[in-house]
Amino acid sequence: MSEFAKKVLTAAKRIPRGQTRSYKEVAVAIGQSRAYRAVASVLAKNIDKTVPCHRVIKSDGSLGGYNGLRGEKEELLRREKIS
DNA sequence: CGTATGACGTGCA
DNA sequence: GTGCACGCCATAC
């Protein structure tokens with residue numbers, strides 16, 4: 001796994017439960033603020049269960065994609081946020 | 001090695 | 001406020 005991907009996954013793991021971070025914020029967190037595109041690509045191809053990638057959303061607050069694991073990103077996030 | 005694609009973001013109409 | 005087009009980085013083919 002590339003270091004970049006590792007950083008992305010780590011950043012995602014650092015996201016507190018009940019909260020969300022935008023792809024751009026994650027990119028900035030790993031030191032590559034302009035790689036938010038790559039962040040999305042990495043997360044898309046690396047569906048790691050150890051990573052709460054469902055907490056990573058778009059900057060405007062939209063859920064974005066999240067396809068692989070459940071497909072119920074909305075409900076999952078909602079449950080975490082409300083709790 | 002070069003081209004195309006994607007869970008995006010920002011700007012302009 | 002919504003929609004379209006361009007730009008960005010890394011990965012896949």
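Naming: A, B, ... by sequence-line order, numbering from 1 per chain.
- Comparing A:D60 and A:S41 against DNA chain B, the residue whose closest nucleotide sits nearer the 5' end is A:S41.
- A:Y23 and A:L63 get closest at one heavy-atom pair: OH-O, 4.3 Å.
- Looking at A:N46, its side chain never comes within 3.5 Å of a backbone N or O of A:D48 through a donor-acceptor pair.
- Rounded to a whole Å, the NZ atom of A:K58 is 10 Å from the P atom of B:dT10.
- In this structure, A:A35 reaches the sugar-phosphate backbone alone: every heavy-atom distance under 4.0 Å involves primed, P, OP1 or OP2 atoms, never a base.
- Along DNA chain C, the stretch of nucleotides lying under 4.0 Å from any heavy atom of chain A spans, 5' to 3', C:dG7 to C:dA12.
- One can place CD1 of A:I57 at 18 Å from C1' of B:dG6, the figure rounded to the nearest angstrom.
- Among A:V56, A:I15, A:I57, the one residue that satisfies the side chain to side chain contact (heavy atoms under 4.5 Å, CB included) test with A:T20 is A:I57.
- Checking side-chain atoms of A:S22 against main-chain N and O of A:E25 turns up a donor-acceptor pair under 3.5 Å.
- When each of A:R37 and A:K45 is assigned the nucleotide of DNA chain C bearing its nearest heavy atom, the one mapping closer to the 5' terminus is A:R37.
- Backbone-only contact: A:F4 has heavy atoms under 4.0 Å from sugar-phosphate atoms and none from a base.
- Residue-to-nucleotide proximity on DNA chain C shows that, of A:S2 and A:Y36, the 5′-proximal contact is made by A:Y36.
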For this session: Take A:F4 and A:V39, measure what side-chain contact (heavy atoms from CB on, under 4.5 Å) needs, and give me the verdict at the end.
Result: CA-CA 8 Å; A:F4 180 77; A:V39 173; 3.9 Å; yes

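- Residue A:K13 places its NZ atom among more than 12 non-hydrogen atoms of other residues, nucleotides or ligands, all under 6.0 Å distant.
- One can place CD of A:Q32 at 16 Å from P of B:dG9, the figure rounded to the nearest angstrom.
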